[in-house]
Structures are given as structure tokens and as C-alpha cells.
Amino acid sequence: MSKEKTFPARKLRILIPMILFLSQTVCAQHESKTINDGWKFHKGECEAAASPAYDDSAWNSIHLPHTWNTDAYTEKKYYQGTGWYRRTLTLPQHWQDKQVFLKLDAASKAAAIYINGKEAGEHNGGYTACTFDITSLCSFNSPNSLAIRVDNARQDIPPISADFTFFGGIYRDVWLTAVSKQHFHLTNHGSDGIFISTPQVSEEKGTILIRGEIKNDAEQKASLELEHIVYNPDGSIAQTQKQSIQIKGGELYSFHTETAPILSPRLWTPETPHLYRVESILRDKKTKAILDRSNHHTGFRWFGFDGKTGFSLNGKPYKLRGICRHQDQKPIGVALTDEMHRRDMMLMKEMGANFIRISHYPQDDALLEMCDKLGMLAWEEIPIIDIVPDTPGYAENCESNLREMIRQHYNHPSIITWGYMNEILLVTQRRYKKEEELKPVLERTLALANRLEKVLKEEDSTRVSTMAFHGSNSYNEVGLGNITDIVGWNLYQGWYGGNLTGFERFLAEQHKKFPSHPMIVSEYGAGSDKRIHSLQPNAFDFSIEYQQKYLEHYLPVLEETPYVCGGTHWNFIDFSSALRDESMPRINNKGLVYSDRTPKDVYYYYKAAWREDIPVLHIASRDWIHRTGIQQGEAPVMLPVKVYTNLPEVELFIDGKSLGKQKTENYTVIFEVPFSRKEHFISAKAESKEAARNLRTIEDGIHLSFTPAPANLNETNLRNLELAVNVGSNCFYTSDESRLTWLPDQPYTENSWGYIGGESKSSQTQVENTNDGPLFQTLRNDIEGYCFDVPNGVYEIEFLFTDIFRENAATAYQLGRNSDVESRENCFSIIVNDETVEEDFSPCRESGYFHALRKRYNITNFRNKIEIRFPVRNGKSFLNGIKLRKLY
Ligand code: GCB
Ligand code: CA
């Protein structure tokens, strides 16, 4: 056969299906598009805006996704109230004989929708979608007015109390859909009315059950044909099922089909996320015209939770290596684009996680899609947190939000558990101390839990139910402990209180008491701030190094305790919590990545532990690029450098010179490194054994700047030195704004410098008038003096003060951390070398409590020593920071 003859035939083979495909899409019978553009927004109430006549020309032009709460990054009392959105809707003529639906993927917390001044519907719940049939309200010949009132102040809709910001607005996509009069049940709680499960599943065979409803919105009866096509993961057709349906005008028809067994199905796992696709097509029986069409992915997998042996996937023990994920990103709030959600999923997957706790509320469909496609088991929950209020309507809204979440995300094979309460006794017990006050709250909490458990099982018998508790046995005592199938424990031993080993002790105690309760460590984490570093890290110092230490303790326990199903680190990101103060006000900084998703060191610790398939080598304390340390004479300063790796041995180099090799333990290697120059290059090398015994060298390197802080001050080293001390703290603090590093404090010794007397104290309350809060949040209480043994000359001395001695309404989430700070009045003098520079001075009288104050003096030193005293008139003396510079 000649070439010329075969060519057209081949071309046709490609062209015909293409033409068929194109003709189907062009005249698609289910048209869906986003309407995220062309919106006007007004912050505040404006009832008149529902009317089509309303003039919104003065409003802001915005795009969706949108939130009105970027103020939550600066204000504790961010705006909680009403916002209005408006837009025109011009519908194509050919939609005239169709059914038109409007879908909001999320509007927080409640939305009321008006078309041409008439209410199309309302929705309570800020994290689930809602769909409305707007056909009868629309005109197809002239533009329609669409107005949506959104409200994030509602107290009858969860969440009402929690450690995160309740961002308001239409912050996910809005969709417009047109279909034929006969269609799938698109207003079924925000789902598309099709539910897929795998009633039979094993290595040998699996079946797919497809349930759903068809609605006939025409007046006449219809003869329809429903076809389901199941596609294999490679795209080939595995099976088709067809049935005929007769449906009267205005009726809803339920269908229910189980496929024949699919033999040796390709199982879905995080490592092999094989997806089957189910396409459901609704046709006119006579003309065969397509009326509606839907596509969903499903997967064959089964799982088990066991009190003794933990979690298993497809019959094999499987450790849940997870993270919790909030959905915001500074500075845009929750108005994330789909690709931002997908980026987070890719980062989590890259780290080696196989499990996500979608906390504390249902999240974007884009995220769920990626859970299925990338392979990430999932726990999804609704935000009933801290306490159950007796607000009328609250329980009903919880129930409907639970149904919506389950129906909307039912088809995702990645989901294994649904949750509905988080730390529900935390605020309950704090607020109601008396037995008789507590009783009714506990009763309604239990009633709601039992009610939701029933709804959950009614909606979905294929997954397990869960709740997350804080580290207190009272959940068991009040009867919450045995309602759900599994329990989650949020544990912070060694952070909010106690010590690190309290973690494994708590788990062991629970396991002993309730050996058949499967448990997940649903939260654990420690805050960190890249400006803060420490060689002796402590809980709540917010140093990068304490976060490392905390997780290096927790992770091995999770990995090595067989009865623990797994854990979900709190949180994947530094997230918005407007109520929080601490080192970064308005931010909960327990993230493995910063708000902008740059990984912190601990991200690589997990990656080293979890990625068995690739070599990982990371020099830690990566953010600490301006290092400093106390130098004795000219000797190099020895500072530890940590490397996270999954390779057995690491060699470290400073400026190309080897410091030898060390064996890895707990994915960690620490070297003592001599720092002596202004600029250093630190590099690490390790051998990775690849296939066929090929050795490959893996390397990492960082440039660091080093500024020694002299232990003994003299003419030479004082030149250009700015000796800054973070009084009352063990931590190095580097200001973002000046780049100056404030050293950890030290006691005074002869020929050196340091404090005399007193004790360290700290506060978690935000300090006003500065962006260097952590520097001012630590102080030396009851300090007697400060001394610098320095040569004669003229010096500039600066004192940093912030009075923290006032009882402060700390948020519940600090779990009593601040409560050891007494309330008192403080007044003292500052005397430098017998000269009174400040008499009976009261920092709080001068500027208020929790207010940063800096005072600078020029001092002439005649005694080869600067000796500072703080004689007290009232209360106690204190000092938060000190800085010395020799002028001449
Ligand atoms: C918890 C809460 C979570 C908080 C977290 C924390 O237990 O469930 O919402 O953000 O602790 O950081 O304190
Ligand atoms: Ca300080």
C-alpha cells in the first residue's frame, strides 16, 4: 500500500471522534461558567441594594474570590457585619427554554440572593456551597439584576468561637449553569445530586454504586435514557449501564445502579492514586439528545481503624502522616484562587504527607480534587468549636452544614472520615465553673453530638465519624468519648504547659483506659517566628529552634506507637487568627510554612522523615542568616549548625574546609562550627545510594553573615559596635526593620557585661508602638542593675521598657500562659555611674501598659566601667532591652 492511500484514512480516524467531541461540547446540554467578574461591592448594610433600580455606581468594583476582612491582619476587632454584592446577569436567548441555576461555592457566613428584586433564596453556612434554581425570576430579553447580601456576624451559624478569623465575603467561585428541563438534581444541598460509592472492594474485584436523582422541570412527562459509563484509570471504558426512565412533569426520580464487578481493580492509595471516572449521561429517549451530563472520579480502596493496631489501608497497616490546613494567606485573607489551593496540596505532597485534616471547616473543591488526584487521605469537618451555644437555630444550621459537606464531597475517594466538633469543652469549662451552670451546656452539647452522629451515619455509612478533643480526660467523663467511631486528640504538652514527654504519657494513659478507641493525634505544634533564634530554646519563646525541638520529639512518638493511627500537625501554614497576640499579633505561627508558603526548617524535617523515595538534605535554621555569638578575644565562635536529612551520614564544610562526617539520628545531624569571618559559606554533603549501587552526592549550602559580640569590650572591638541585648531572654532577636540582632542576655561577670539580679519574665500580649514585639515582651523583673566594663569615653545608652504587669484578658487559646504575671504599679529611677538620668520614672505612666518605650542618653564614662542601677520607689524595677554604642 502506498503512503498516499493510508494517510487520509488515518486522518479520518482522528478527525471523526474530534468532530463528535466538538459538536457535543459546543451544543453542550449542561453549560456552566463562573461569574466572578464585574461585581460591585459595598461594605455595610444597604437593604435598598436588593432592588434592580438601586444605583451602585459609587460602590467598589471587585472580582471574586473576595473578602472584606483583610483588616483581620491588623485589627483584633475586624469587621463582622454585612456586605452587599451586585452585578448584572445577561442571559443568552437560547437559555429561554432551559433551567438556570446559580451556585455560590462559599459566602461567609450567610447569604441572601435577590434576582430583579425578588429573593431567590438564602443560605446559612460560610464553608459549604449552595445552589438555587433562578429560572422563574430571570428575564432572557433584558439584563437581570443580581444582588447578594452576605453577613459574617451571625451567631446562629458555626463557627461562633475559635482560634481563627471568620473572614466575610463571597470568597469562592460563583457559577451560572443552564441545563435542559430534565436534569440531575442540581439543588441537592449544593451537590449535583449524584453519589458514588464502592460497596464491594478487594484486590480481586470491585463494584461501583451510583445513586442519584433526576428532576423533570417540564409540565409534561418525559421518556429518558440514563447511561453510566465507567472509565478505567487509563481512560478506556470499563463498563456501561443503561436504563430507561419515565418521569412525570414536576417530579423527582431516584435511581440506584450497581455495576458488575470490575476484576482486579487498580487500587487507590496515596502512592498510587488510580482514579476511575463515572460519567452519567441523561438523554431524551426518542431523539437521543443529551439533556444533562455529570462526571465524577472514584477510587477503589478500603480502610480500617483499630484501637490496637491503628489505621490500615487496603488491608495493610498504614501510618497517617498528616497536617491540618487552614485556608487563608496573608495579605489576601481567604480569597484564594484555585491554583493557590492546588499549590498547597503540592507542597504537602512534596513533604511526604499522606493525610490532611481539612480544618476546621469544609474547603475549596480545588483542594478536594487534588486530594484524589495527588493521593492524600482526608478528614473533613464542620466548624463546631469551643462551646455549643443555646442560640435558636444553631443546631439546625450545624445539621444542614454537615449534610451539605457530606453531599458535596461524598464522591471523593480521598475522604475517610467526617468530623463535627473540635475542643468543644475548651470554652465550655472555662465559662461555666459551677456544676449547675455547666450541666445544661453539657446536655445540649451531648444532644447535638448525638444528633449529628445520627445524621452523619444516615448520610454516609461508608466512612467513619470523628471529633477532636483537647488534652483532658473530661471528654470521656461527660460521655463525648464514645459517640464517634474514632477520636482525635489535640495535644500540646511542652507548649501550652507540661513538658514534651507528657505527650507520650497522655497517649499511653488514654490507650490503657480505652484500648479499643482508635485515636489520631489531630493536632500538635509549636509557634515559631523567623526573627527569633535560640541555642537554648524553651516553650513559648517562639524561636525557630524550639519548634524544631518540639517536633523532633513528637514525630518519632507518632511513628513508633502502633496504636496511634497517625497525626496531623497543627498547622500547615501560619494562619490568620485576629484574636491572637504572641510574637506575631493576628497570626498563629505554628505553620510548617510561612503565610507566603516559604517552608520553615521543620518542613524539611518531615520531608526527611517521610520521603523515603528521594534524598533530602537541608541545612537548618535557614532563616538565621545574620548570625552572631559571644566571642572571647580573637577565638572563633563555635555555633551549632543542624542538618535535616534522610541520608545515613553527613559531611559539613565551612568555606570549603571539612569539619568531618557525622552519623544521622532522628533525621538530624548537628555540627559545632567555628565562625570567625564576616561572610561564611556553609555546605553539607551526603552520599545517596541510588539504584544499581550508584552513589550520588547530594549537597546543600547557605551563605551566612557573622558579627561577633565581644565578651570583653575594648577600644578596638567597640569601634562600630552596636551592642544590643534582648534583656530577659535566651533568644537572639533580629529586627526585620533594622536587621540589628539583639543578643540573649547574660549575667554580669568581671571584665565583661550583663545584668545584675532579677529574673526573666515574659508576656504574650501584643506590645503597641513597635513592630519588634518579641523584644519588648521579654524582660528582667526586679533587676538591680546592668554593667558594662568598658574603657573611658562618651557612650550612647538606650533602654527599652514595656510594663507588662497588668492582669490581661488573655484569650482562651493561650491556655493560662499569661496568668503568672501579677498586677502592680512600677516606679523606679535610672542611675548611671551615680548620675541620676531618670528619677522616679514609671514606664506605664509615661506611655501606658504594653507600650514600647525607648530612652536614650549620652554618658561620659570616667571610671572604665558603666554601672547602671534601678532603685525602686514603687513596685519593682524591670528592663526589656539595652543597647550600648561608643561615640568617641
Ligand atoms: C487547638 C485548636 C486550634 C488552635 C490550636 C492552637 O487546639 O483546635 O484551632 O489554633 O489549638 O494553635 O492553639
Ligand atoms: Ca527583651
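Order of appearance sets the numbers: ligands from 1, and atoms from 1 within every ligand.
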Trainee: Identify whether the distance between the nearest side-chain nitrogen and carboxylate oxygen of E523 and K590 falls below 4.0 Å.
Mentor: no
Trainee: Does at least one non-hydrogen atom of Y496 fall below 4.0 angstrom from an atom of ligand 1?
Mentor: yes
Trainee: Is the Ca ion (ligand 2) under 3.0 Å from any N, O or S atom of N726?
Mentor: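 Under 3.0 Å: N726 contacts the Ca ion (ligand 2) through an N, O or S atom.
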Trainee: Using a strict cut-off of 4.0 Å, indicate which atoms of ligand 1 neighbour a heavy atom of H360.
Mentor: 3 (C), 8 (O), 9 (O)
Trainee: Please check if any side-chain donor atom of S577 sits under 3.5 Å from a side-chain acceptor atom of D163, or the reverse.
Mentor: yes
Trainee: Are any of the heavy atoms in H470 under 4.0 Å away from ligand 1?
Mentor: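 No.
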Trainee: I need the contact type for N571 against ligand 1. Using non-hydrogen atoms and a strict under-4.0 Å cut-off, is it side chain, backbone, both or neither?
Mentor: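 The answer is neither; N571 stays 4.0 Å or more away.
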Trainee: Of the backbone and side-chain N, O or S atoms of N880, does one lie nearer to the Ca ion (ligand 2) than 3.0 Å?
Mentor: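 Short answer: yes, at least one N, O or S atom is under the cut-off.
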Trainee: Can a salt bridge be assigned to the pair K76 and D581 using a cut-off of 4.0 Å between side-chain N and carboxylate O?
Mentor: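 Answer for the salt bridge query: yes.
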Trainee: Should R580 be listed as contacting ligand 1, given a heavy-atom distance under 4.0 Å as the test?
Mentor: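 Per 4.0 Å heavy-atom rule, R580 contacts ligand 1.
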Trainee: Just to be sure I read this right, does ligand 1 sit under 4.0 Å from the backbone of I385, its side chain, both, or neither, counting only heavy atoms?
Mentor: neither
Trainee: Tell me which part of F575 gets within contact of ligand 1: side chain, backbone, both or neither, using heavy atoms under 4.0 Å.
Mentor: side chain
Trainee: Is the cationic atom of R325 (NZ for Lys, CZ for Arg) positioned less than 6.0 Å from the six-membered ring centroid of F572 and within 45 degrees of its normal?
Mentor: no
Trainee: Check whether any N, O or S atom of G728 sits under 3.0 Å from the Ca ion (ligand 2).
Mentor: no
Trainee: So, the side chain of E380 versus the backbone of Q363: is there a donor-acceptor pair under 3.5 Å, distance only?
Mentor: yes
Trainee: Tell me if the centroids of the rings in F575 and F164 come within less than 6.0 Å of each other.
Mentor: no
Trainee: Using a 4.0 Å cutoff against the non-hydrogen atoms of N422, which atoms of ligand 1 qualify?
Mentor: 2 (C), 8 (O)
Trainee: For the residue pair K600 and Y594, would you count it as a cation-pi contact if the rule is NZ or CZ under 6.0 angstrom from the ring centre and within 45 degrees of the ring axis?
Mentor: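 Judged by the rule (NZ or CZ under 6.0 Å from the ring centre, within 45° of its axis), K600 counts as positioned above Y594.
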Trainee: Show which atoms of ligand 1 fall inside a sub-4.0 Å distance from at least one heavy-atom site of E423.
Mentor: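 Contacts of ligand 1 toward E423, numbered from 1: 1 (C), 2 (C), 7 (O), 8 (O).
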Trainee: Look at the aromatic rings of F540 and Y496 and report parallel, tilted or perpendicular, splitting at 30° and 60°.
Mentor: tilted
Trainee: Is the F870 ring parallel, tilted or perpendicular to the F828 ring (thresholds 30°, 60°)?
Mentor: perpendicular
Trainee: Angle at the Ca ion (ligand 2), O of T778 to O of L775, rounded to 10 degrees, please.
Mentor: 90°
Trainee: Which of the atoms in ligand 1, numbered in the order shown and given with their element, are less than 4.0 Å from a heavy-atom of N588?
Mentor: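 Close to N588: 6 (C), 10 (O), 12 (O).
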Trainee: Using a 4.0 Å cutoff against the non-hydrogen atoms of N490, which atoms of ligand 1 qualify?
Mentor: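 Counting atoms of ligand 1 from 1, those under 4.0 Å from N490 are 7 (O), 8 (O).
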Trainee: With a 6.0 Å cut-off on the ring centroids, do Y420 and W379 count as close?
Mentor: no
